[in-house]
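The structure appears below as structure tokens.
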Amino acid sequence: MRFDFEYTFQDLDEFTLAAASAGKTTAHKPHPIRSWILFGVLAVVVLGLWSGSRPHRPSAATPPETPSEAPDELGLFRRVILPALPFPVIFVAFYIYARAKLSAGRSSEANPQVQQPQSLEFSASGVSLRGPLAITDWKCAAFNGFSETPNLILLKQIRGPVVIMPKRAAIDDKQLEELRQLLRSSIHTAGAFPVIQ
């Protein structure tokens, strides 16, 4: 059974979302320790700004000091550096977020294989991905399952990247159902041992 197609950016976006929801992607996921560190830093900044904004009130027992006699302990830090600290933090966070967003699009634009016509052949013995730059063959034992999104069929390898096939490559729903039956009968699901004959 053969399917000819070209990947679109919508296919790759849908795959990225599916992989992220399954928890099997290298896309950035917040790490709990990083989140707590960020929370601590922001708490210190906010508390520093709050304590720096309150005027010092001398007690009634001590006479008020003249401005020339008052010690300037941490004055520059509280007046200049501490109020300006959130801006570089916000800038760096935005920069990292923007780079992560753009890198996904650029990696697919820079990959010539993604931009070329592809052909996937399915049989009871394996799967073959053919393009103008490369041909890759896998036995069915290389896969430990498959899943579907609204527009894609995703073949999960035991070790290696997921093989993506857009459903629009099928001629009709009947051919798509035949492919599902073939995949169910030849690809063993995760956790099951393949039957060796």
Side-chain angles (χ1 to χ4, degrees), residues 1-32 34-35 92-197:
M1 196 176 306
R2 181 178 169 157
F3 299 90
D4 298 317
F5 58 89
E6 290 182 25
Y7 292 115
T8 64
F9 292 117
Q10 289 81 14
D11 295 336
L12 300 175
D13 287 342
E14 186 172 337
F15 166 70
T16 302
L17 290 173
S21 67
K24 297 184 179 182
T25 183
T26 57
H28 173 72
K29 294 191 312 187
H31 194 274
R34 290 184 196 145
S35 300
V92 168
F94 176 75
Y95 177 76
I96 291 170
Y97 174 77
R99 292 280 298 194
K101 272 304 224 190
L102 292 174
S103 67
R106 287 186 186 152
S107 65
S108 59
E109 290 171 6
N111 187 350
Q113 186 173 357
V114 173
Q115 300 174 359
Q116 302 293 326
Q118 307 289 321
S119 175
L120 265 174
E121 277 189 57
F122 295 92
S123 67
S125 61
V127 178
S128 178
L129 176 62
R130 299 177 184 275
L133 302 176
I135 298 173
T136 307
D137 295 317
W138 297 277
K139 294 187 183 271
C140 287
F143 299 97
N144 64 351
F146 75 97
S147 63
E148 294 186 49
T149 67
N151 299 312
L152 302 173
I153 292 181
L154 307 172
L155 298 170
K156 301 172 187 174
Q157 293 188 57
I158 296 171
R159 289 194 175 107
V162 173
V163 178
I164 307 167
M165 189 199 92
K167 290 181 180 178
R168 68 177 179 282
I171 296 170
D172 56 8
D173 289 338
K174 182 181 176 190
Q175 187 182 28
L176 203 55
E177 188 55 40
E178 289 173 7
L179 174 63
R180 287 185 188 110
Q181 291 298 329
L182 177 65
L183 292 175
R184 283 186 198 112
S185 65
S186 57
I187 293 179
H188 304 285
T189 58
F193 293 101
V195 177
I196 300 174
Q197 298 177 345

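Here, residue 1 is the first one in the sequence, and each next residue gets the next number. Just the heavy atoms: all of them, side chains too, but no hydrogens, waters or symmetry mates, feed the values below. Just so you know, these numbers come straight off a predicted model, no measurement behind them.
Distance check, rounded to the nearest 0.5 Å: OG1 of Thr149 to CG of Leu17 gives 9.5 Å. Rounding to the nearest 0.5 Å gives a distance of 11.5 Å between CZ of Arg2 and CD1 of Ile171. Here CZ of Phe5 is found 7.5 Å from OG of Ser119. Values are rounded to the nearest 0.5 Å. The OH atom of Tyr7 sits 9.5 Å away from atom CE of Met165, with the distance rounded to the nearest 0.5 Å. Rounding to the nearest 0.5 Å places OG of Ser125 at 9.0 Å from CG of Asp137. The line from CG of Leu152 to OG of Ser147 is 9.0 Å long, rounded to the nearest 0.5 Å.
Side-chain contact between Ile164 and Leu154 is present, with heavy atoms from C-beta onward closer than 4.5 Å. Contact annotation: the side chain of Ile153 approaches that of Leu183 to within less than 4.5 Å [non-hydrogen atoms, C-beta and beyond]. Contact check for Pro117 versus Asp4: no side-chain heavy atoms found under the 4.5 Å cut-off. Under the 4.5 Å side-chain criterion, counting only non-hydrogen atoms from C-beta, Trp138 is in contact with Val163. Put simply, the side chain of Arg168 reaches to within 4.5 Å of the side chain of Asp11, judged on heavy atoms. The shortest distance between side-chain heavy atoms of Phe146 and Leu179 does not fall below 4.5 Å.
In this structure, Gln116 contributes its side chain and Leu133 its backbone to no donor-acceptor pair below 3.5 Å.
Considering Gln10, Glu14, Lys167 in turn, Glu14 is the only one that fulfils the side-chain hydrogen bond (donor to acceptor under 3.5 Å, both in side chains) rule with Asn151.
In this structure, the salt bridge (Lys or Arg N to Asp or Glu O under 4.0 Å) partners of Glu177, at least two apart in sequence or on a different chain, are Arg180, Arg184.
For Asp173, the CG atom sits in a loose shell: 12 or fewer heavy atoms of surrounding residues, nucleotides or ligands are nearer than 6.0 Å.
Listed here is the closest heavy atom pair of Ile158 and Ala141: CD1-O, 3.2 Å. Residue Ser123 comes nearest to Cys140 through the heavy atom pair O-SG, 4.0 Å, listed as atom of the first residue, atom of the second, then distance.
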